[in-house]
There are 2 protein chains.
Amino acid sequence: MKVRIIDIAKKAGVSAGTVDRIIHQRGKCSLKAIEKVKQAIEELGYEPDLTARNLALKKVLHIACLIPDPAETEYWSRQIVGIEKAINELASFKVKVDVVLFSARISSFREAYDKVLKMQPNGVVYVPLFFEESKKFADELHQQNIPFVLLNIYHQELNPLFFIGQDPIAAGKVAASLCWMGLKDNKKSILVASISKLHQEYSHIESRINGFLQFFTENGLPEVQIDQFHLEIDENRNDSDYETVFRDYLINSPQIRIIYVPNSRAYRIAYILKKHKINGIMLIGFDTLNNNIKLLKEGYIQFLIAQQSQNQGYHSVIFLFNALFIKNDVKKEHFFPVDILNKENIEFYAGRML
Amino acid sequence: MKVRIIDIAKKAGVSAGTVDRIIHQRGKCSLKAIEKVKQAIEELGYEPDLTARNLALKKVLHIACLIPDPAETEYWSRQIVGIEKAINELASFKVKVDVVLFSARISSFREAYDKVLKMQPNGVVYVPLFFEESKKFADELHQQNIPFVLLNIYHQELNPLFFIGQDPIAAGKVAASLCWMGLKDNKKSILVASISKLHQEYSHIESRINGFLQFFTENGLPEVQIDQFHLEIDENRNDSDYETVFRDYLINSPQIRIIYVPNSRAYRIAYILKKHKINGIMLIGFDTLNNNIKLLKEGYIQFLIAQQSQNQGYHSVIFLFNALFIKNDVKKEHFFPVDILNKENIEFYAGRML
DNA sequence: TTGTATGCGTTATCAG
DNA sequence: CTGATAACGCATACAA
């Protein structure tokens, strides 16, 4: 049958209270008692009953999640869905998970993390969208001894309890391998088209580009010509400006056969290709935004690289809960698969929750 | 605060016992009581505390899993790992999950399902490897009112509580889309090489082939030439026989540029290509067997189509547990993603458990 | 430093 | 048909 605390108490010749103290290292106990209890636990193979523990628990565990506002950047909506699934699943447990959203501005991030610090949570999940401020936040959390999880963007130097996300170098290589396959003609070239907002954390996008380039050098394929086109989005200019610039660039570069967009904005390029009826170009981008999915299905995007964002959101809180509640060890880095999506398999992927 | 059974009992002016009877539809209750309690539940928004329920539960839920022996066919080892993860996670709950293995023979399957029926479980997960016998098993389970889950192979007519696995037609189409991309020269052709054991359930493999062929017709690409080569493995012949036959076939068919293996035995072909130094052929197969992974990494296989078998095993018991224990509804069909793996992204996939 | 008692929310039994 | 009550295994406050 199941081994309970009293069982090991009896075996060790002490009371249940003592066993509890030893298991949780609270209060003082005689060394003799500790010895005997530990041995009894070992021999009988005690495993705590999580449901009983939860029922008896007085205080609730508090987890705070600091995520960019999906109303502003659709990309984050999937992580939120995953977090909400986790919240739902943990409903019967004594955990309270708060989601704090922030806008893609440094000031907003700071406000949000101040708010989180005031909550005095037992654990934090956050997306380090701005490096400097993220560092300050991490320092504060370390000082207050609050374990935290980095979601989606990895900075080892922040030393989180664990990271959960994708390896951007690897993702870039995967994209490159597909491009290489699609490059039927060696005289044609590949364009790396990065479209970014000013001031935003960019390191993982750079890594995706570096990984992409590395693929060709590592595989001894220097003959492949790779151009780069960088567009910085400025709030003051409107979209049609960019469209014109990029269209003209394309028209003047007929050798381009493949376009690689290292972030989630491939749909912008696809839209231009579609509107101006530019054919014969293979487009590959990242993330399952609705627009990307739509244009993938329509055939204007050939591949999307994805990373199971819902799952990442879900597991960021589940793993943290496990670490805090069940107190089991966690892997320091949870690198999620680099998923390859095309017109044919997108249907079974979109909105999938595992 | 949390709404408990006593809270709704008070509100409805009855006792906790009555509320319990109404919630679980056990025993008889007056219509008046039922009305009032249901209304109170509605108004207060009662959600049962799963941990308390579990603690109080007297009887344990019994789930039996009928899976092909992985010692015989490596393919099934991942499902088993997933099932074991689920067992582990449910350790504190009053569930007992038994795994019954069977050999890839009809008689063994029958013995195993007899054993399962004798156990009188509350729910069953099984792989319908042999159709006729699977039908008998399903009939028996229906008669005894034991809900069951079909894992990996789908037969709608068995009418399971739900199916969990991959859509083989879709998987075939995904494979085809990759082949089409890799077919740089229209004069070359594709070979569908199926290697099967006698007497084994073959319908989902056929579907993978059909899906593959459909891709080309549906996309108006009849000019692509597709050959088929079928090898039936006979226990009495040894492996080198097949090797010779296939090698000769290949040597006599220089037009073949791509080989599609609709089951997990691509490594066999890859091995022949490697041994006889046959280059320039793109090979695509299914499933992350160790041999497949090895030859993918070595470059003898270009793509593997996978289906998160661990996850499928894991969720087959988790979802069944949810349906039986928490009594929530389940989707009838859980189609898992058609994952595309190549040399670059395999590292983050193999052995991944979500 | 240690033992004991009470309660967590639910199930299940038993007496009405 | 209904109400009261003893478990379930653990955490915690309090007593010793």
Side-chain angles (χ1 to χ4, degrees), chain A residues 1-38 40-41 44-61 90-96 122 324-327, chain B residues 1-38 40-41 44-61 90-96 122 324-327:
Chain A
M1 249 336 345
K2 173 170 272 182
V3 181
R4 296 157 304 166
I5 278 188
I6 343 183
D7 298 325
I8 72 157
K10 274 179 191 151
K11 173 126 188 169
V14 296
S15 77
T18 303
V19 174
D20 179 75
R21 265 163 241 131
I22 292 170
I23 289 175
H24 292 99
Q25 298 154 36
R26 49 185 163 224
K28 302 274 169 203
C29 292
S30 68
L31 280 172
K32 225 192 294 176
I34 294 182
E35 267 320 303
K36 281 194 295 183
V37 166
K38 287 204 164 171
I41 287 179
L44 298 185
Y46 170 73
E47 289 292 338
D49 182 315
L50 267 25
T51 66
R53 168 179 296 175
N54 182 68
L55 194 60
L57 227 44
K58 285 271 163 45
K59 47 182 181 290
V60 324
L61 198 68
L90 297 176
S92 292
F93 286 84
K94 295 216 170 49
V95 221
K96 188 174 171 315
N122 305 95
L324 264 34
F325 184 86
I326 314 183
K327 295 176 202 294
Chain B
M1 245 341 340
K2 173 171 272 185
V3 181
R4 297 156 305 166
I5 277 188
I6 350 179
D7 298 325
I8 71 158
K10 275 179 190 149
K11 174 122 186 169
V14 296
S15 78
T18 302
V19 174
D20 179 73
R21 264 163 242 132
I22 291 170
I23 289 176
H24 297 294
Q25 296 154 37
R26 50 183 162 224
K28 301 276 170 202
C29 292
S30 68
L31 280 171
K32 227 192 293 179
I34 295 183
E35 266 319 304
K36 283 194 292 185
V37 166
K38 286 203 165 172
I41 287 179
L44 298 184
Y46 169 74
E47 288 292 338
D49 182 314
L50 266 25
T51 65
R53 166 178 298 174
N54 182 68
L55 193 59
L57 229 41
K58 285 273 164 40
K59 48 181 181 292
V60 324
L61 199 66
L90 296 177
S92 291
F93 286 84
K94 295 214 168 51
V95 222
K96 186 173 171 317
N122 305 97
L324 263 34
F325 185 86
I326 313 183
K327 293 175 205 293

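Model, not experiment: these values are computed from the prediction. The chains referred to below are lettered A, B, ... by the order of the sequence lines, with proteins before strands, and numbering in each begins at 1.
Between B/Ile5 and B/Ile23, the closest side-chain pair of non-hydrogen atoms falls below 4.5 Å.
What you find for B/Val3 and B/Tyr46 is that their closest heavy atoms are O-CD1, 3.3 Å. B/Lys2 and A/Ala91 make their closest contact through NZ-O, 4.5 Å (heavy atoms, listed as atom of the first residue, atom of the second, distance). The minimum heavy-atom distance linking B/Ala9 with B/Ala16 is given by the pair CB-N, 3.8 Å. For the residue pair B/Asn122 and B/Val60, the shortest heavy atom distance occurs at OD1-O, 4.0 Å.
B/Lys94 meets the side chain to side chain donor-acceptor pair (under 3.5 Å) test with no other residue; sequence neighbours excluded. Residues that satisfy the side chain to side chain donor-acceptor pair (under 3.5 Å) test with A/Arg4, not counting sequence neighbours, are A/Asp7.
Bending across the helix from C/dT1-D/dA16 to C/dG16-D/dC1, expressed as the angle between its end axes from five pairs apiece, amounts to 50° (10° rounding).
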I'd like to compare against my own output: the B/S/- annotation of nucleotides 3-16 of chain D with a strict under-4.0 Å heavy-atom distance to protein. B----BBBSB----
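Protein chain A contacts DNA chain C over a range whose 5' and 3' limits, counting nucleotides with an atom under 4.0 angstrom from a non-hydrogen atom, are C/dT1 to C/dG9.
For the pair A/Ser92 (side chain) and B/Leu50 (backbone), a donor-acceptor distance under 3.5 Å is present.
Judged as a side chain to side chain donor-acceptor pair (under 3.5 Å), not a single pair has a partner in residues 28-38 of chain B (not counting sequence neighbours).
When the options A/Thr51, A/Asn54, A/Asp49 are evaluated for a side-chain hydrogen bond (donor to acceptor under 3.5 Å, both in side chains) with B/Asn54, the one that passes is A/Thr51.
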